[in-house]
Amino acid sequence: MRLATVAALIVLTAAWACAQAETLLHSCESLDGVKVGLGSQLEERKLFISYAAEHVTEGVGAIGLFGRSSEGATGNTYISIDVPIEPTDLTGRALVFDASSSTPELSRAFYVRAYDASGLCALSWNSWNGELTSEASEFRLVPGADFGTISWEPGRVEVDDHTAVVRLQFITGTSAKGVVFNLAVDNIRAADAG
């Protein structure tokens, strides 16, 4: 009995320590300050709070965005959710969030970028490997490192200072024409890189 109690205390302490190592950056329960970045010119697009169980991993909502690519589009069509956060130091930390898409077969591109107060890109990752699935998945992006098939994008980074990130950008894109595609993001946080 005593061994079981000690083991339970160790597990609870470890879980508490992990929880303490994370800082919530945005709960994704509100659209206050959130904007459509890429895709704002699309005739059909909408930024909204999704209450769909497959998008929500914390609380009751997730930030969602859908857009319709033009029938006559040349090249790819992109949409992005731009999320303001309090100035955050991501030096040696991971950007952690949950993301999904109701149209994973169309939403093949997935980019994540972070900006400082001057609008300079401090962090950037990208993939065209269909990272988004219909059920929310956790992503843990560490500055300077790949995450599975999501690649660190050093050529896009304009500043090496990660101490004051104030805006995050979550992007999806499609090469299909005349289709609706989307993205949902929830539970954005910073965590220890390890």
Side-chain angles (χ1 to χ4, degrees), residues 22 25-26 28 34 36-42 44-48 50 52-58 62-71 73-83 85 90 92-115 121-158 162 165 167-194:
E22 290 191 352
L25 301 179
H26 202 287
C28 301
V34 178
V36 176
L38 301 174
S40 61
Q41 82 290 354
L42 296 177
E44 189 178 341
R45 59 154 167 74
K46 183 175 182 181
L47 183 66
F48 60 98
S50 172
E54 62 270 20
H55 296 163
V56 179
T57 58
E58 173 274 332
I63 298 172
L65 174 64
F66 75 78
R68 179 182 294 278
S69 61
S70 169
E71 290 282 358
T74 57
N76 303 314
T77 302
Y78 296 94
I79 55 175
S80 74
I81 300 170
D82 289 15
V83 180
I85 59 172
L90 288 173
R93 302 206 75 201
L95 176 62
V96 185
F97 57 91
D98 305 310
S100 57
S101 173
S102 299
T103 58
E105 69 286 353
L106 298 171
S107 305
R108 301 293 299 167
F110 187 50
Y111 296 69
V112 178
R113 295 190 175 133
Y115 298 87
C121 184
L123 306 168
S124 185
W125 297 266
N126 76 74
S127 174
W128 264 93
N129 293 312
E131 304 294 337
L132 299 172
T133 59
S134 57
E135 294 284 328
S137 299
E138 182 180 272
F139 294 84
R140 181 174 291 266
L141 304 179
V142 177
D146 296 342
F147 176 80
T149 59
I150 300 176
S151 301
W152 171 248
E153 199 174 19
R156 185 72 183 188
V157 174
E158 300 170 300
H162 306 150
V165 170
R167 180 170 57 96
L168 303 173
Q169 186 176 55
F170 300 91
I171 304 166
T172 190
T174 188
S175 56
K177 313 305 179 201
V179 299
V180 172
F181 64 110
N182 75 345
L183 165 69
V185 178
D186 196 15
N187 197 19
I188 305 168
R189 53 218 190 269
D192 291 342

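All values below were derived from every heavy atom in this structure, side-chain atoms included, with hydrogens, water molecules and symmetry-related copies excluded. In what follows, residues are counted from 1 in the order of the sequence shown. Computed from a predicted structure; not experimentally measured.
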Next item on the list: Without swapping roles, check the side chain of S151 against the backbone of E153 for a donor-acceptor pair under 3.5 Å.
Entry: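 No.
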Next item on the list: Check for a donor-acceptor pair, side chain of W125 on one end and backbone N or O of P143 on the other, with a separation under 3.5 Å.
Entry: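 No.
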Approximate separation, where rounding is to 0.5 Å, of [X] [atom1] and [Y] [atom2]:
| X | Y | atom1 | atom2 | value |
| --- | --- | --- | --- | --- |
| T77 | L106 | OG1 | CG | 11.0 Å |
| W128 | T172 | CH2 | OG1 | 7.5 Å |
| L25 | L90 | CG | CG | 6.5 Å |
| N76 | S175 | CG | OG | 5.5 Å |
| S80 | Q169 | OG | CD | 4.0 Å |
| C28 | I81 | SG | CD1 | 8.0 Å |

Margin query: Holding to ring-ring contact (aromatic ring centres under 6.0 Å, His included), I want the full list of residues that pass it with Y115, two or more places apart in sequence or in another chain.
Written below: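 For Y115 there are no ring-ring contact (aromatic ring centres under 6.0 Å, His included) partners, ignoring immediate neighbours.
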Check: Should the ring pair F147 and F139 be called parallel, tilted or perpendicular, given that the plane angle runs from 0 to 90° and is split at 30 and 60?
Finding: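 Answer is tilted, since the angle falls between 30° and 60°.
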Would you say the side chain of [Y] lies within less than 4.5 Å of the side chain of [X], judging by non-hydrogen atoms?
| X | Y | value |
| --- | --- | --- |
| D192 | R93 | yes |
| E44 | F66 | yes |
| E54 | S134 | no |
| N129 | F110 | no |
| H26 | V34 | yes |
| L95 | I188 | yes |
| V36 | R45 | yes |

Checklist line | Salt-bridge criterion met for R189 and E138 (N-O under 4.0 Å) | finding: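 Answer for the salt bridge query: yes.
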Closest contact, heavy atoms only, [X] versus [Y]:
| X | Y | value |
| --- | --- | --- |
| R156 | S124 | CG-OG, 3.5 Å |
| I171 | R113 | CD1-NH1, 3.7 Å |
| G67 | I79 | N-CD1, 3.9 Å |
| D82 | R167 | OD2-NH1, 3.0 Å |

Next item on the list: Determine whether more than 12 heavy atoms belonging to other residues, nucleotides or ligands lie under 6.0 Å from atom NZ of K177.
Entry: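 Above 12, so yes.
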Notebook entry, point to check: Please walk me through it: do W152 and V157 pass side-chain contact (heavy atoms from CB on, under 4.5 Å)?
Noted result: CA-CA 10 Å; W152 171 248; V157 174; 3.7 Å; yes
Distance-only donor-acceptor hits, side chain of residues 96-103, under 3.5 Å, sequence neighbours excluded:
from: D98; atom 1: OD2; to: T57; atom 2: OG1; distance (Å): 2.5
from: S101; atom 1: OG; to: T103; atom 2: N; distance (Å): 3.0
from: S101; atom 1: OG; to: T103; atom 2: OG1; distance (Å): 3.2
from: S101; atom 1: OG; to: S107; atom 2: OG; distance (Å): 3.1
from: S101; atom 1: OG; to: N182; atom 2: O; distance (Å): 2.8
from: S101; atom 1: OG; to: N182; atom 2: OD1; distance (Å): 2.8
from: S102; atom 1: OG; to: H55; atom 2: NE2; distance (Å): 3.2
from: S102; atom 1: OG; to: N182; atom 2: ND2; distance (Å): 3.4
from: T103; atom 1: OG1; to: S107; atom 2: OG; distance (Å): 2.9
from: T103; atom 1: OG1; to: N182; atom 2: N; distance (Å): 3.0
from: T103; atom 1: OG1; to: N182; atom 2: OD1; distance (Å): 3.2

